[in-house]
Amino acid sequence: MEQNVKTNNYCEECVIVPVTDIYETPDAYSLKMEMPGVNKEDVNITLENNELEVSGKVVKDESDARNLKYSEYELLDYYRKFRVGNDIDRNSIKAELDNGILTLTLHKSEEVKPKKIQITAS
């Protein structure tokens, strides 16, 4: 049987910029990024010179490609870079990957967290 496979092989270096939501609380920033098809072993997160760099490599299943007859779903790697301020505690960044959603928690430094000032009697 002849295969009529439609693919977009026009770009070998293309990446997907993952859709991201950013939340802020008094204690931390939280980033939620969509990265379907990525395993936690294939995610790379670095913070250097106030640039948070996130990449995810999609491992393609070659056995599926042999049976593919038509394709519109493109499996590409992910890449995104954010500029962060000096208010991030570099030693307490946490990352979790669950069902294709990468959640990064960037805790704020103690120096920049809001502080309650007590009023003393005079």
Side-chain angles (χ1 to χ4, degrees):
M1 175 179 218
E2 181 182 331
Q3 288 188 357
N4 292 321
V5 178
K6 176 199 169 284
T7 59
N8 293 327
N9 291 330
Y10 59 88
C11 183
E12 294 181 19
E13 302 280 328
C14 292
V15 293
I16 295 173
V17 177
V19 176
T20 304
D21 290 339
I22 301 174
Y23 303 89
E24 182 180 9
T25 67
D27 296 328
Y29 298 97
S30 179
L31 288 76
K32 293 188 181 283
M33 307 174 77
E34 290 184 4
M35 298 178 78
V38 174
N39 297 317
K40 71 178 184 176
E41 299 82 22
D42 300 314
V43 175
N44 188 30
I45 305 163
T46 58
L47 178 58
E48 186 176 353
N49 297 326
N50 289 352
E51 290 186 336
L52 178 69
E53 196 168 0
V54 180
S55 63
K57 184 151 185 64
V58 175
V59 179
K60 297 166 182 70
D61 187 355
E62 296 301 324
S63 63
D64 286 345
R66 284 183 267 139
N67 297 322
L68 185 65
K69 301 298 179 203
Y70 179 80
S71 175
E72 290 184 347
Y73 182 71
E74 190 77 36
L75 286 176
L76 296 173
D77 296 335
Y78 297 90
Y79 178 82
R80 186 125 188 212
K81 189 186 297 189
F82 299 92
R83 191 114 176 103
V84 298
N86 291 324
D87 59 340
I88 301 299
D89 181 358
R90 270 94 170 124
N91 297 318
S92 65
I93 297 173
K94 301 211 180 333
E96 295 178 27
L97 183 65
D98 186 34
N99 290 324
I101 304 295
L102 176 66
T103 302
L104 298 175
T105 304
L106 289 75
H107 293 280
K108 294 180 182 177
S109 301
E110 288 300 319
E111 298 86 39
V112 299
K113 289 182 183 177
K115 293 182 178 37
K116 177 123 172 118
I117 309 298
Q118 296 291 333
I119 300 175
T120 57
S122 51

Among Val38, Val15, Val17, which residue meets the side-chain contact (heavy atoms from CB on, under 4.5 Å) test with Tyr78?
-> Val38
Member of Glu34, Arg80, Met35 meeting the side-chain contact (heavy atoms from CB on, under 4.5 Å) criterion with Val19 | Glu34
Quick one: does Ile16's side chain get under 4.5 Å of Val58's, heavy atoms only?
-> no
Distance col, row Arg83:CZ vs Leu52:CG, nearest 0.5 angstrom, shows 11.5 Å
Name all residues meeting the side-chain hydrogen bond (donor to acceptor under 3.5 Å, both in side chains) criterion together with Asn44; count only those two or more places apart in sequence or in a different chain, and write none if there are none.
-> none
Approximate separation, where rounding is to 0.5 Å, of Ile88 CD1 and Phe82 CZ = 12.0 Å
For Leu31, the option from Asp21, Thr103, Leu104 that meets side-chain contact (heavy atoms from CB on, under 4.5 Å) | Leu104
With side-chain contact (heavy atoms from CB on, under 4.5 Å) as the test, would you mind laying out the steps for Val54 and Thr20 before giving the verdict?
-> CA-CA 11 Å; Val54 180; Thr20 304; over 6 Å; no
Check the surroundings of atom CD in Glu51: do more than 12 heavy atoms from other residues, nucleotides or ligands lie under 6.0 Å from it?
-> yes
Salt-bridge test for Lys57 and Asp77: reply yes if a basic N is under 4.0 Å from a carboxylate O, no otherwise.
-> yes
With a cut-off of 6.0 Å (strictly less than), are more than 12 heavy atoms of other residues, nucleotides or ligands near CD of Glu48?
-> no
List the atom of Leu97, the atom of Lys40, and the distance in Å for their closest heavy-atom pair.
-> CD2-N, 3.5 Å
Side-chain donor/acceptor of Lys108 to backbone N/O of Thr25, under 3.5 Å = yes
Hydrophobic cluster identity match, Ile22 and Leu102, side-chain contacts under 4.5 Å | yes
Interatomic distance, CD1@Ile93 vs CG@Leu106, rounded to 0.5 Å, equals 4.5 Å
Could you walk me through whether Asn50 and Asn86 pass the side-chain contact (heavy atoms from CB on, under 4.5 Å) check?
-> CA-CA 7 Å; Asn50 289 352; Asn86 291 324; 3.1 Å; yes
same_hphob_cluster(Tyr29, Val84) at 4.5 Å side-chain heavy-atom cutoff = yes
